[in-house]
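Here's the structure we're looking at; comments come further down.
Values below: every heavy atom of this structure, side chains too, minus hydrogens, waters and symmetry copies. In listed order, ligands and their atoms are each counted from 1. Note that the numbering runs from 1 along the sequence shown for the chain.
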Amino acid sequence: MEKIDWANLTFGYMRTDYNVRCYYRDGKWGALELHSEENINIHMAATCLHYGQEAFEGLKAFRGKDGRVRVFRPEANAERLQNTCEGILMAQFPTDMFCEAVKMVIKANERFIPPYGSGASLYLRPLLIGTGPQVGVRPATEYLFVIFVSPVGPYFKGGFSTNKYAVVRDFDRAAPLGTGRFKVGGNYASSLRANKWAHDQGYACEFYLDAKEKKYIDECGAANFFGIKDNTYITPLSTSILPSITNMSLMQLAEDMGMKVERRHVPVEELSTFEEAGACGTAAVISPIAQIDDLDENKSYVISKDGKPGEVCLKLYNKLRGIQNGEEPDTHGWIMFVD
Ligand code: PLP
Ligand code: COI
């Protein structure tokens, strides 16, 4: 058995022992099945291949200080997947089956759960696709739910360190009343060029404004945005951003710490007033923002003067990671134990 270098993992795919699958046929979901095969065999006219009937999720499991395995808010991911399915007319996968599949896939791949203190975690990737054939533009009658895992390290190089982002004005990730609030593959297809453009310019990630007016902040690539000023946690309200479970959790933690929380339109110029800012998500955790450049407008918003993460970002990060690792009490009932 190959030894895994836990401390140097990146955010990527690693083959593990098992995945869990469930088929929807004749109007109902079947039993959860354990598979070791990485490939899936689907009809060439499956709606996921032609009409984008594809939804995915992302959540993490952690080996705690006490040796127990904790999953962070799986019910919230199950509910968001159900919303996505409703958004693109796919069969919804029940929350109890989702949590059962999460436990099953983790237990079957136990040897891939990174040890406590390594900084790595086990990323879980649920996927739900239309597998039934259609040639006309219509929803499928058959679906497949799959969940696989991969041990991962930090999403951005350097882990908890600051990054620079570039505002994109030439591409949109999603339309104002489109699928931006759902976790569908199409949104990520539309983000690929913007993401490449930002990387080519030397930035960690692309930074989206609202697609209609290009006035307000939407989100940072595959992560939500938050800004901190005057003891207030401020995060954008928009119809085209993904409702991030990490962001929801941070809003609660900020409130617990005695901060005010505002969810509202955030004009891009307001960036010049923030004492701290960050990108947040399952993969990104909290990624403090050093600087955001709006190249087309010849503007540069420097948020961290010394290039270091701010105090509030650090406090939020430690609290969140502490709950996930079992070092901090889980006062909101966010943890599901696997054992
Ligand atoms: N925004 C987008 C576009 C994402 O892909 C993600 C990742 O899931 C997030 C935000 C963060 O959401 P969460 O905190 O639920 O992982
Ligand atoms: C996540 O944070 O789980 C994501 O889905 C981000 C990404 C790799 C698409």
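Of the protein's non-hydrogen atoms, Y188 CE2, 3.8 Å is the one closest to atom 9 (C) of ligand 2. Protein heavy atom nearest atom 9 (C) of ligand 1, with residue, atom name and distance: A222 O, 3.5 Å. Of all protein heavy atoms, the one closest to atom 3 (C) of ligand 1 is R173 NH2, 3.3 Å. Regarding atom 8 (O) of ligand 1, its nearest protein heavy-atom neighbour is K183 NZ, 2.9 Å. Scanning the protein heavy atoms around atom 7 (C) of ligand 2, the nearest turns out to be A222 CB, 3.9 Å. For atom 5 (O) of ligand 1, the closest non-hydrogen atom on the protein side is Y188 OH, 2.4 Å. Atom 1 (N) of ligand 1 has its closest protein heavy atom at E219 OE1, 2.6 Å. Atom 2 (O) of ligand 2 has its closest protein heavy atom at A283 N, 2.8 Å.
Looking only at atom types and distance, the side chain of Y143 has a donor-acceptor partner in the side chain of Q53 under 3.5 Å away. Side chains of S238 and D210: a donor-acceptor N/O pair is absent below 3.5 angstrom, by distance only. Counting only N and O atoms by type, the side chains of Y116 and E327 include a donor and acceptor under 3.5 Å apart. No hydrogens or angles considered: nothing links the side chains of E79 and T95 as a donor-acceptor pair under 3.5 Å. Residues D293 and Y203 have side chains that bring a donor and an acceptor to within less than 3.5 angstrom of each other. A donor-acceptor pair shorter than 3.5 Å cannot be found between the side chains of T239 and R181. No hydrogens or angles considered: a donor-acceptor pair under 3.5 Å links the side chains of S240 and D218.
For the pair F112 and M14, the minimum side-chain heavy-atom distance is below 4.5 Å.
Ring orientation note: the planes of F145 and W29 are nearly perpendicular, at an angle over 60° on the 30°/60° scale.
Polar contact check, Y123 against ligand 2: a nitrogen or oxygen pair lies under 3.5 Å apart. Remark: ligand 1 and G281 share no N or O pair separated by less than 3.5 Å (distance only, no angle test). Of the N or O atoms in A284, none lie within a sub-3.5 Å distance of an N or O in ligand 2. Backbone and side-chain nitrogen or oxygen atoms of T282 are examined, and one is located within less than 3.5 angstrom of a nitrogen or oxygen of ligand 1. In terms of polar-atom proximity, N247 is not counted as a contact of ligand 1, lacking any N or O under 3.5 Å from an N or O of the ligand. For ligand 2, none of its N or O atoms has an N or O atom of Y155 under 3.5 Å away.
Near K183, with a cut-off below 4.0 Å to any heavy atom, the atoms of ligand 2 are 4 (C), 5 (O). Taking a cut-off of under 4.0 Å to the non-hydrogen atoms of N224, the atoms of ligand 1 that pass are 1 (N), 10 (C). Numbered from 1 in the order shown, with element, the atoms of ligand 1 that lie under 4.0 Å from a heavy atom of L242 read 1 (N), 2 (C), 4 (C), 6 (C), 8 (O), 9 (C). Listed by atom number, the atoms of ligand 2 under 4.0 Å from F56 heavy atoms are 5 (O). Interface atoms of ligand 1 facing I245, defined by a heavy-atom separation under 4.0 Å, are 13 (P), 14 (O), 15 (O). Counting the atoms of ligand 1 from 1 in the order shown, those under 4.0 Å from a heavy atom of T246 are 13 (P), 14 (O). The contact set between ligand 1 and G221, taken as ligand atoms under 4.0 Å from a residue heavy atom, comprises 3 (C).
Close to ligand 1: R80, with a non-hydrogen atom less than 4.0 angstrom away. Between G180 and ligand 1 there is no heavy-atom distance shorter than 4.0 Å. Ligand 1 has no atom lying under 4.0 Å from any heavy atom of M248.
Between E255 and K260, no side-chain nitrogen of the basic residue sits less than 4.0 Å from a carboxylate oxygen of the acidic one, so the salt-bridge criterion is not met. Salt bridge present: R111 and D17 bring a charged side-chain N and a carboxylate O closer than 4.0 Å.
Only the backbone of A223 comes within 4.0 Å of ligand 1, judged by heavy-atom distances.
The closest donor-acceptor contact from the side chain of E54 to the backbone of G186 lies at 3.5 Å or more, if one exists at all. Under the 3.5 Å distance criterion, the side-chain polar atoms of E275 are matched with a main-chain donor or acceptor of D230. Not a single donor-acceptor pair under 3.5 Å links the side chain of E142 to the backbone N or O of G130.
Ring centroid separation for the pair Y188 and F56 comes in under the 6.0 Å cut-off.
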